[in-house]
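Worksheet for the structure shown next.
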Amino acid sequence: MERETPELVAPATFLRGEEGASPESVRARFERMIRRVQAEVCAELEAVEGGVSDGCGAALFREDAWTRPGGGGGISHVLQGGRVFEKAAVNISVVYGVMPPEAYRAARPEAAAAAGGEKAKPVPFFAAGVSSVIHPVNPFAPTMHFNYRYFETEAPKDIMEDDAPFSADAPGAPRQWWFGGGTDLTPSYIIEEDIKHFHSICQCLLHLLNINLDPVQKQVCDKFDPSFYPRFKKWCDDYFYIKHRGERRGVGGIFFDDLSDYDQETLLQFATECADSVLPAYIPIIERRKDIPFTEEHKAWQQLRRGRYVEFNLKPEVGSEEWKLLDTCINPKEWI
């Protein structure tokens with residue numbers, strides 16, 4: 001197992017020249033995008049927080065950077081104990097190395113089968129992403145989660161087979177890439193104004209709120225495939241489903257994965273628009289709800305619903321011992 005190495009200062013980039021890190025490569029542009037989004041989201045949340053934490057000084061993000069021996073690293077930003085936010089984390093990672101064949105088969109079964117199945121060799125990979133979860137103090141302010149990522153695999157290189165080097169055109173995994181991610185909302189109370197606002201931003205992916213747009217600017221809603229929103233909304237509703245409870249984690253948003261059926265430039269722009277839509281989708285809601293009076297009963301309900309959030313993240317694998325308990329609790333059995 002590789003151990004992450006803490007770093008006092010995050011490097012300007014986690015990419016190396018030999019890893020295809022030219023300034024205009026998709027890898028380099030995606031890394032610049034997620035680092036910018038991390039900085040902007042953290043700055044905006046700190047501005048909402050006002051830099052004041054009930055008797056605890058400034059509620060600011062703490063930064064921790066790390067690198068890994070195999071290549072790449074990450075930056076974690078965490079804020080805790082704020083006046084507005086109980087806890088918020090905005091993390092990025094940029095990692096690369098060699099993926100074991102069994103991991104590649106699990107991630108891309110069809111591609112692995114075409115690349116030799118059980119005989120497939122270890123595959124060079126690259127993965128980068130930004131991930132965040134934000135839990136407000138006020139029960140009337142919803143939790144929000146977002147995650148956007150980019151993944152590449154390449155044909156095995158310099159891997160020995162029968163004492164011969166494995167070249168890029170030898171049998172093995174072809175070069176593949178895909179995008180994934182999404183943004184979703186988890187409220188404790190239904191406030192239709194907030195939910196409609198959130199989904200309208202997801203649908204249009206607009207940066208410009210409360211501005212009279214001219215006809216040309218309005219076309220931004222259609223710059224990508226019009227089927228994206230209904231398709232990715234349903235995907236989100238289906239993905240964030242807690243099977244043993246028969247309910248969804250929240251009120252959804254958008255979610256997609258393994259997206260590669262458009263050219264890279266289009267999908268890079270789409271992922272960028274999605275990440276840039278996070279603040280206009282969420283901050284107006286927080287500003288409206290952060291100071292609403294609430295009772296201990298409201299707070300207790302918020303904590304119960306937050307438990308559902310944790311349950312989804314810890315949902316047991318079907319057939320596991322944990323799953324057997326939940327299945328038995330849901331479906332009583334005759335024991336004698």
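Residues: numbered from 1 along the sequence shown. All values reported here derive from a predicted model rather than from experimental measurement.
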*Could you tell me whether Glu193 and Arg289 have a side-chain N and a carboxylate O separated by less than 4.0 Å?*
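Arg289 and Glu193: salt-bridged.
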Kindly assign one of parallel, tilted or perpendicular to the pair [X] and [Y], based on the angle between their ring planes and the thresholds 30° and 60°.
X: Phe125; Y: Phe151; answer: parallel
X: Phe240; Y: Phe312; answer: tilted
X: Tyr150; Y: Trp177; answer: tilted

Is it possible for you to say whether [X] and [Y] belong to one hydrophobic cluster, with membership spreading through side-chain heavy-atom contacts below 4.5 Å?
X: Trp301; Y: Ile242; result: no
X: Phe228; Y: Tyr239; result: yes
X: Tyr241; Y: Val310; result: no
X: Ile283; Y: Val41; result: yes

*In sequence, state the C-alpha distance, the side-chain angles, and the governing distance for His298 and Phe140, and then conclude on ring-ring contact (aromatic ring centres under 6.0 Å, His included).*
CA-CA 8 Å; His298 293 139; Phe140 295 103; 4.8 Å; yes
Main-chain N/O of [Y] paired to [X] side chain as donor or acceptor, under 3.5 Å:
X: Glu49; Y: Phe85; value: yes
X: Asn138; Y: Lys290; value: yes
X: Thr272; Y: Leu268; value: yes
X: His135; Y: Arg306; value: no

*Of the options Tyr262, Phe179, Tyr229, Phe256, which is the one that meets Phe270 in a ring-ring contact (aromatic ring centres under 6.0 Å, His included)?*
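Option passing the ring-ring contact (aromatic ring centres under 6.0 Å, His included) with Phe270: Phe256.
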_Candidate list Asp184, Ile190, Thr186, test side chain to side chain contact (heavy atoms under 4.5 Å, CB included), partner Val251, passing option_ =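 The passing option is Ile190.
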*Using a 4.5 Å cut-off on heavy atoms from C-beta on, say whether the side chain of Ile286 contacts that of Pro136.*
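Sidechains of Ile286 and Pro136: in contact.
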_Is there a side-chain contact between Val133 and Phe146 in this structure, where contact means two heavy atoms from C-beta onward sitting under 4.5 Å apart?_
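No, their side chains stay 4.5 Å or more apart.
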*Only one of Gln302, Glu296, Glu297 passes side chain to side chain donor-acceptor pair (under 3.5 Å) with Lys299; say which it is.*
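By the side chain to side chain donor-acceptor pair (under 3.5 Å) criterion, Lys299 pairs with just one of Gln302, Glu296, Glu297: Gln302.
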*Closest approach of Ile34 and Ala128, non-hydrogen atoms and distance?*
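Distance-wise, the nearest heavy atoms are CD1-CB, 4.3 Å.
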_Candidate pair Arg308 and Arg245, rule side-chain contact (heavy atoms from CB on, under 4.5 Å), full reasoning_ = CA-CA 9 Å; Arg308 295 289 203 277; Arg245 288 196 179 273; 3.2 Å; yes
